[in-house]
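We're numbering straight along the sequence, starting at 1. We count ligands from 1, going down the list as the structure has it; atoms in each ligand are counted the same way.
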Amino acid sequence: MYVCLCNALKCRDVKAAAAAGARDVPGVFKACGAKPKCGRCFEETARFLPNEAEDRVTA
Ligand code: FES
């Protein structure tokens, strides 16, 4: 399933970026070699990222 239509990024691309260390939406775009354009996908992209608040509690 596509998450970002502007850059043709699929959910597997976003998951791979998160697994490789991306911790925010700009980090995902950078890891994928893409640049944000319309911004419609930002909320959906963030859903694939680890919950930072949860990380702080478990760290
Ligand atoms: S859909 Fe992702 S930047 Fe437009």
Item to check | Numbering as shown, the atoms of ligand 1 that approach C41 to under 4.0 Å (heavy-atom distance) | outcome: 1 (S), 2 (Fe), 3 (S)
Checklist outcome for this item: Rounded to the nearest 0.5 Å, the CD atom of E44 sits from the SG atom of C4 at a distance of 11.0 Å
Next on the checklist: Whether the side chain of N7 engages the backbone of P36 through a donor-acceptor N/O pair (distance < 3.5 Å, no angle test) should be reported.
Outcome noted: no
Checklist entry - What are the atoms of ligand 1, with element, lying closer than 4.0 Å to any heavy atom of C6? => result 1 (S), 3 (S), 4 (Fe)
Item to check | Atoms in ligand 1 with a heavy atom of L5 nearer than 4.0 Å | outcome: 1 (S)
Item to check | Nearest non-hydrogen protein atom, atom 3 (S) of ligand 1 | outcome: K37 N, 3.3 Å
Checklist entry - How many angstroms lie between CZ in F29 and CG in D13, if you round to the nearest 0.5 Å? => result 11.0 Å
Next on the checklist: As an exercise, identify every atom of ligand 1 less than 4.0 angstrom from a heavy atom of G39.
Outcome noted: 3 (S), 4 (Fe)
Item to check | Approximate separation, where rounding is to 0.5 Å, of C32 SG and L9 CG | outcome: 5.0 Å
Item to check | C4 backbone or side-chain N/O/S under 2.8 Å from atom 2 (Fe) of ligand 1 | outcome: yes
Next on the checklist: Restricting to non-hydrogen atoms, name the atom on F42 and the atom on V25 that form the minimum distance, rounded to 0.1 Å.
Outcome noted: O-CG2, 3.6 Å
